[in-house]
Amino acid sequence: MSLHTGFQAKRAIQSLLKVSERELQHNLKLHSRTLKTTPIMANNNEMASAILQKVNDIVQKNKLLSDHYDVNKKVVDFEHPKDLQSLLPLDIGKAGVSDEELEKISEDVVKLSVKTCHPYFYNQLYHGADEYGVAGSWLSDALNTNIHTFEVAPAFIIIEHHVLGYIRKLFGWGDQGDGIFSPGGSLSNMYGMMCGRHWKFPELKSKGLFGHPPLVAFTSEESHYSIVKGANWLGMGVENVVKVKTDEGGRMIPEELEKCILKAQSENKAPFFVNATSGSTVLGAYDDLDALADVCKKHSVWLHVDACWGGSAILSRNLKHLMKGSEKVDSIAWNPHKMVGAPLQTSPFIVRHKGMLHQTNSANATYLFQQDKFYDVSFDTGDKSVQCGRKVDAFKLWFMLKARGEDYMEDMVDNTFAQADYLTELVKSKPGFRLVPAYETRQCTNVGFWYIPPRLQGKEETEEWWGEMEKIAPKIKEQMIMEGSLMIGYQPLPYKNLKNFFRMVIHGVPRPSQENMDFVVNEIERIGKDL
């Protein structure tokens, strides 16, 4: 090497070193928080992430877990949307904020959030989460994989496969069928509609609806609105969802269903799908699955069951009779994140016909679902899903069930139904309270009632009287929320000509008690007596 060449090489190396040093300093500044909280060379005694530890500390300190949260604290510190926008540091800047700032933000979010783990949160069909389910959710989130192929999610695929088999056996299907975890009960119901369409008219997958007689789906007037939304998504038109009449307790009348099917056939339409409900959202009604299955079999129509709310009765030997006939239906949607406290969202969908999910939804993406892989490709479940990316939802349910066991789950469900019975009798016997007539034959843990303030008691129940009554529940609800003492829903039921009433939905996590039920009626009376 010449002297000149050696000098050039030395200058080049020095120049590179300077650039590298500048880049290093820039990267250290840019990523200082990451380097501080997530040491790349952490030894076994060091935590991998300080911020995750802080979030865990906040959860533990505030006891944000069902059956641990302080009953004397508020359910919610309510702020109106405009005020809340100013209370949270919403803007995202060019530079990240410190862990200390994130810790404060986390504390603020906790303060400004509804505590669904509170014993007096009864606002929706979901509620607090079981701590073992939360642990399972955290772990699967940390592993951050997509449950579409065995090669990227081997343990989770095997667990989902097993859990779905366990659930199918609970509903009386033995080793038959298939299933998948979906992102919520509405999507599960849409899966049922899609499977029903493909089972009845498989050619529509390739040819589309053009020129085909209008598809018609049937559901009860008490059913969930997701069936109407599903009709829109499937392109069949919401006007082709027929609402079937129900009895006084909100149960679909099988004879009315058959009339509706015959009417659609007479209009040269194509009945393909019936949605039964096991535990309806408002009245908690369980449809007669045996009778509906007979009608559907006679007319060659797919029978799906929306058991998202009431399906948990299957966990109890004393209550599984409510799901009698489930062994005859074609598909079932169930949401363990409702009554039994699995974390949101946990929504298994099961179908009795093996292969139907794959036939209905497969698109044969060759970059994912190669058939010449070195392992059993039947465990590549992604092609039977309408999604590509899919969260690991089965693990948290399995983890919870492994920890709790069947006896615990059965006792939880039995206690929940028992507290609903207690509340029903309490409402019937307490002056100023009246059970909504549609709940006289209630089956699930929904309890609907009116509170009648003293100024309206003993008066003639005219149209004007009911006009006053329908204002009572909203006013009481508003005061509850502002005080943060209790969250409970209210609503009218127009198809039964019922004005606003309180709709109490009792769930198993946190574990309800008679003391909790007493508090609910006493709190409503305390706030409402002077209205």
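When reading the values below, keep in mind they use all heavy atoms of this one structure, side chains included, and skip hydrogens, waters and symmetry mates. All residue numbers in this chain count up from 1 along the given sequence.
Closest approach of Ser220 and Met252 over heavy atoms only: N-CE, 3.5 Å. Considering every non-hydrogen atom in both Phe417 and Cys444, the closest pair reads CE2-CA, 3.7 Å. Scanning both residues, Glu483 and Lys74, for their nearest heavy atoms gives O-CE, 3.5 Å. Closest approach of Val305 to Asn275, counting heavy atoms only: C-OD1, 4.4 Å. Minimum heavy-atom separation, Met517 to Pro512: CE-CB, 4.1 Å. Residues Gln419 and Gln514 approach most closely at OE1-N, 3.1 Å, considering heavy atoms.
Interatomic distance, Phe449 CZ to Leu435 CG, rounded to the nearest 0.5 Å: 9.0 Å. Note: Leu204 CG to Met194 CE = 9.5 Å, rounded to the nearest 0.5 Å. Between the CG atom of Leu187 and the OG atom of Ser226 there is a distance of 9.0 Å, given to the nearest 0.5 Å. Here Ile314 contributes atom CD1 and Leu319 contributes atom CG; the two are 10.0 Å apart, rounded to the nearest 0.5 Å. Rounding to the nearest 0.5 angstrom, the gap separating the CE atom in Met190 from the SG atom in Cys195 is 13.5 Å. Between atom NZ of residue Lys459 and atom CD of residue Glu464 there is a gap of 13.0 Å, rounded to the nearest 0.5 Å.
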For salt bridge (charged side-chain N to carboxylate O under 4.0 Å, His left out), just list the numbers for Asp411 and Arg404, CA-CA rounded to whole Å, side-chain angles, deciding distance to a tenth of an Å, and then say yes or no.
CA-CA 11 Å; Asp411 178 68; Arg404 297 303 194 183; over 6 Å; no
Working for side chain to side chain contact (heavy atoms under 4.5 Å, CB included), residues Leu283 and Arg503
CA-CA 9 Å; Leu283 297 177; Arg503 180 190 62 131; over 6 Å; no
Under the criterion salt bridge (charged side-chain N to carboxylate O under 4.0 Å, His left out), I'd like the reasoning laid out for Asp530 against Arg455: C-alpha separation, chi angles, the key distance, then a yes or no.
CA-CA 8 Å; Asp530 296 324; Arg455 74 176 179 87; over 6 Å; no
After noting the C-alpha distance and the side-chain angles of Asp414 and Ser316, does the key distance pass the side chain to side chain donor-acceptor pair (under 3.5 Å) rule?
CA-CA 7 Å; Asp414 286 344; Ser316 165; 2.5 Å; yes
With side chain to side chain donor-acceptor pair (under 3.5 Å) as the test, would you mind laying out the steps for Asn516 and Ser513 before giving the verdict?
CA-CA 5 Å; Asn516 298 149; Ser513 66; 3.1 Å; yes
Check the pair Ser385 / Tyr191 against side chain to side chain donor-acceptor pair (under 3.5 Å), numbers first and verdict last.
CA-CA 9 Å; Ser385 165; Tyr191 267 112; 3.2 Å; yes
Assess the residue pair Phe78 and Leu112 against the criterion (side chain to side chain contact (heavy atoms under 4.5 Å, CB included)); give the C-alpha distance rounded to whole Å, side-chain angles, the decisive distance to 0.1 Å, and a yes or no.
CA-CA 7 Å; Phe78 181 80; Leu112 296 167; over 6 Å; no
Step-by-step side chain to side chain contact (heavy atoms under 4.5 Å, CB included) determination, Leu493 to Gln491
CA-CA 7 Å; Leu493 199 57; Gln491 69 169 85; 3.9 Å; yes
For Asp130 and Ser66, what are the C-alpha separation, side-chain angles and deciding distance, and is it a side chain to side chain contact (heavy atoms under 4.5 Å, CB included)?
CA-CA 6 Å; Asp130 181 276; Ser66 296; over 6 Å; no
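Between His507 and Tyr122, the distance from one ring center to the other falls under 6.0 angstrom. Taking the six-membered ring wherever Trp is involved, the centroid distance between the rings of Trp302 and His353 falls below 6.0 Å. Ring pair Phe502/Tyr490: centre-to-centre distance not below 6.0 Å. Side-chain rings of Trp309 and Trp334 stay apart, their centers remaining 6.0 Å or farther from each other. Two rings, from Tyr132 and Phe399, have their centers 6.0 Å or more apart. Close placement of the Tyr120 and Phe519 rings is indicated, their centers lying within 6.0 Å of each other. A distance of 6.0 Å or more separates the ring centres of Tyr126 and His337.
Here the side chains of Glu468 and Ile472 are not in contact, with every heavy-atom distance at 4.5 Å or above. Using a 4.5 Å cut-off on side-chain heavy atoms (C-beta onward), His198 and Met356 make contact. Residues Tyr439 and Val427 fail the side-chain proximity criterion, which asks for heavy atoms closer than 4.5 Å. Within the 4.5 Å cutoff, the side chain of Pro271 has heavy atoms near those of the Gln265 side chain.
No hydrogens or angles considered: nothing links the side chains of Arg352 and Ser331 as a donor-acceptor pair under 3.5 Å. For the residue pair Lys477 / Asn123, a side-chain donor-acceptor distance below 3.5 Å is found, with atom types taken as modelled. A donor atom on one side chain and an acceptor atom on the other are found under 3.5 Å apart for Asp518 and Tyr422.
Between Glu255 and Lys245 there is no salt bridge, since none of the side-chain N atoms of the basic residue sits less than 4.0 Å from a carboxylate O of the acidic one. In this structure, Lys320 does not pair ionically with Glu410, as no charged nitrogen and carboxylate oxygen lie closer than 4.0 Å. Under a 4.0 Å N-O distance rule, the pair Glu461/Arg434 qualifies as a salt bridge. Under the 4.0 Å criterion applied to side-chain N and carboxylate O atoms, Glu160 and Arg390 are assigned as salt-bridge partners. With respect to the salt-bridge test (charged N to carboxylate O, under 4.0 angstrom), the residues Glu256 and Lys259 qualify. The pair Arg251-Glu222 fails the salt-bridge criterion, with no side-chain N (NZ, NE, NH1 or NH2) lying under 4.0 Å from an Asp/Glu carboxylate O. Between Lys115 and Asp70 there is no salt bridge, since no side-chain N of the basic residue sits under 4.0 Å from a carboxylate O of the acidic one. Salt-bridge check for Lys430 with Glu525: passed, with a basic side-chain N closer than 4.0 Å to an acidic carboxylate O. With salt bridges taken as basic N to acidic carboxylate O contacts below 4.0 Å, none links Asp294 and Lys297.
When the side-chain contact (heavy atoms from CB on, under 4.5 Å) test is applied to Pro213, the partners found at least two apart in sequence or on another chain are Ala270. For Glu267, the side-chain contact (heavy atoms from CB on, under 4.5 Å) test picks out Lys263, Lys269, with sequence neighbours left out.
Side chain of Asp67 to backbone of Arg511: a donor-acceptor contact under 3.5 angstrom is found.
For OH of Tyr225, the number of neighbouring non-hydrogen atoms (other residues, nucleotides, ligands) closer than 6.0 Å is 12 at most. Around atom NZ of Lys428, more than 12 heavy atoms belonging to other residues, nucleotides or ligands sit under 6.0 Å away.
The cationic atom of Lys207 (NZ for Lys, CZ for Arg) does not lie both less than 6.0 Å from the six-membered ring centre of Phe210 and within 45° of the ring axis.
Listed by first and then second residue, the ring pair (Phe, Tyr, Trp, His ring centres under 6.0 Å) pairs that reach into residues 229-279 are Phe273-His304, sequence neighbours excluded.
Each of Asn335, Asn189, Asp393 was compared with Ser347 under the side chain to side chain donor-acceptor pair (under 3.5 Å) criterion, and only Asn335 meets it.
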